[in-house]
Amino acid sequence: MGCLHSTTATAAPVEKAIFAGGCFWCMEQPFDSLPGVLSVMPGYTGGTKLNPTYQEVSAGGTGHTEAVEIIFDPTKTSYEKLLQVFWRNIDPTKADRQFCDIGNQYRPAIFYLSDQQRTLALASKEDISKIKRFKEPVVTEIVPASRFYAAEEYHRQYYKKNPIRYRFYRSNCGRDKRLKELWGTAAGH
């Protein structure tokens, strides 16, 4: 389930990763620019509602969280690298919110697709906890992946389609300011 093998002998295998870190607009860009990342799809996962819409998820009550599904070439970018980028783009000390987005639908989580991803995710969380950088404990969930639903077209690549609105949202939400407080120069953007 964690590895998608191509049908031709010459094409490299690709893998999938799913992360939630608050607003999915802000989670696309950091992964999109990595070598070996083939696609980053915003969407919804972790809930019970079939075929949820943005309006339903953002209102709460579906159990879903906004997330990104990343398809990547593991020979060019490792899952460990994706985990590093993930951590530096979230506030791992908040359970049911990220920055100005409040509610379970904005919870940070790593949705693992294999035992190997689970092991690596747990190790990375332990490493983050050990650095004692934060006043509060690291509470980010590491849970099995469930069905991922792609977000509506207008959400995809939002940071490219609407760069001014995107930057305004990040600034007003306090995301970059908080990331800098948490991670210093290692903060993701």
Side-chain angles (χ1 to χ4, degrees), residues 2-4 12-46 65-95 97-99 101 106-114 116-131 133-134 138-145 148 150-151 155-160 163 166-167 169-171 173-189:
C3 186
L4 307 169
V14 295
E15 292 186 27
K16 187 188 310 184
I18 302 173
F19 301 113
C23 175
F24 49 32
W25 294 345
C26 298
M27 293 302 288
E28 271 187 299
Q29 183 180 15
F31 294 107
D32 214 17
S33 60
L34 292 176
V37 169
L38 306 172
S39 71
V40 182
M41 176 65 70
Y44 321 106
T45 195
T65 187
E66 289 189 17
V68 290
E69 179 184 70
I70 301 157
I71 306 297
F72 66 102
D73 177 345
T75 66
K76 295 180 180 172
T77 295
S78 66
Y79 186 72
E80 292 94 329
K81 176 64 176 173
L82 296 178
L83 287 166
Q84 289 173 359
V85 171
F86 168 74
W87 290 114
R88 296 322 182 269
N89 281 279
I90 68 160
D91 181 343
T93 68
K94 304 298 180 213
R97 71 175 300 157
Q98 284 293 286
F99 316 101
D101 295 315
Y106 298 109
R107 69 190 180 275
I110 298 169
F111 294 92
Y112 62 85
L113 291 133
S114 67
Q116 180 185 17
Q117 283 188 0
R118 179 181 178 272
T119 299
L120 292 169
L122 288 169
S124 72
K125 183 177 180 178
E126 186 176 323
D127 289 345
I128 294 298
S129 297
K130 282 182 186 175
I131 61 173
R133 180 175 205 111
F134 316 112
V138 173
V139 295
T140 301
E141 296 178 358
I142 298 174
V143 293
F148 182 87
H155 289 296
R156 301 174 194 174
Q157 301 286 301
Y158 190 84
Y159 75 97
K160 288 181 180 178
Y166 170 72
R167 285 192 301 273
Y169 169 77
R170 280 189 77 104
S171 175
C173 197
R175 189 177 192 105
D176 293 331
K177 181 178 183 234
R178 179 69 176 147
L179 288 174
K180 188 167 181 155
E181 289 171 6
L182 290 167
W183 299 103
T185 59
H189 298 316

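Below, all heavy atoms of this structure are taken into account, side chains as well, without hydrogens, waters or symmetry copies.
- Between the side chain of R118 and the backbone N or O of P144, no donor-acceptor pair lies under 3.5 Å.
- Atom CD of E80 has more than 12 heavy atoms from other residues, nucleotides or ligands within 6.0 Å.
- A 6.0 Å sphere centred on CZ of R178 holds more than 12 heavy atoms belonging to other residues, nucleotides or ligands.
- When atom types are taken as modelled, the side chain of Q98 and the backbone of D91 share a donor-acceptor pair closer than 3.5 angstrom.
- Of the candidates Y106, Y166, F99, Y158, Y158 is the only one forming a ring-ring contact (aromatic ring centres under 6.0 Å, His included) with W25.
- Put simply, the side chain of R156 gets close to the backbone of A151: a donor and an acceptor are under 3.5 Å apart.
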L113 vs E69, test: side-chain contact (heavy atoms from CB on, under 4.5 Å). Steps then yes/no.
CA-CA 11 Å; L113 291 133; E69 179 184 70; over 6 Å; no

If you apply the rule side-chain contact (heavy atoms from CB on, under 4.5 Å), what do you find for L182 with R133, and how did you get there?
CA-CA 7 Å; L182 290 167; R133 180 175 205 111; 5.6 Å; no

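- There is a side-chain donor-acceptor pair under 3.5 Å between Q157 and D32.
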Could you please spell out the steps behind the side-chain contact (heavy atoms from CB on, under 4.5 Å) verdict for F31 and F86?
CA-CA 8 Å; F31 294 107; F86 168 74; 4.0 Å; yes

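- Of the candidates Y44, Y169, F148, F24 forms a ring-ring contact (aromatic ring centres under 6.0 Å, His included) with just one, namely Y44.
- The shortest heavy-atom contact between A186 and R88 is O-CG, 3.2 Å.
- For T65 (side chain) and R107 (main-chain N/O), a donor-acceptor pair under 3.5 Å exists by modelled atom type.
- W183 places a side-chain N or O within donor-acceptor distance of the main-chain N or O of W87, the cut-off being under 3.5 Å.
- Between the side chain of S129 and the backbone N or O of K125 there is at least one donor-acceptor pair closer than 3.5 Å.
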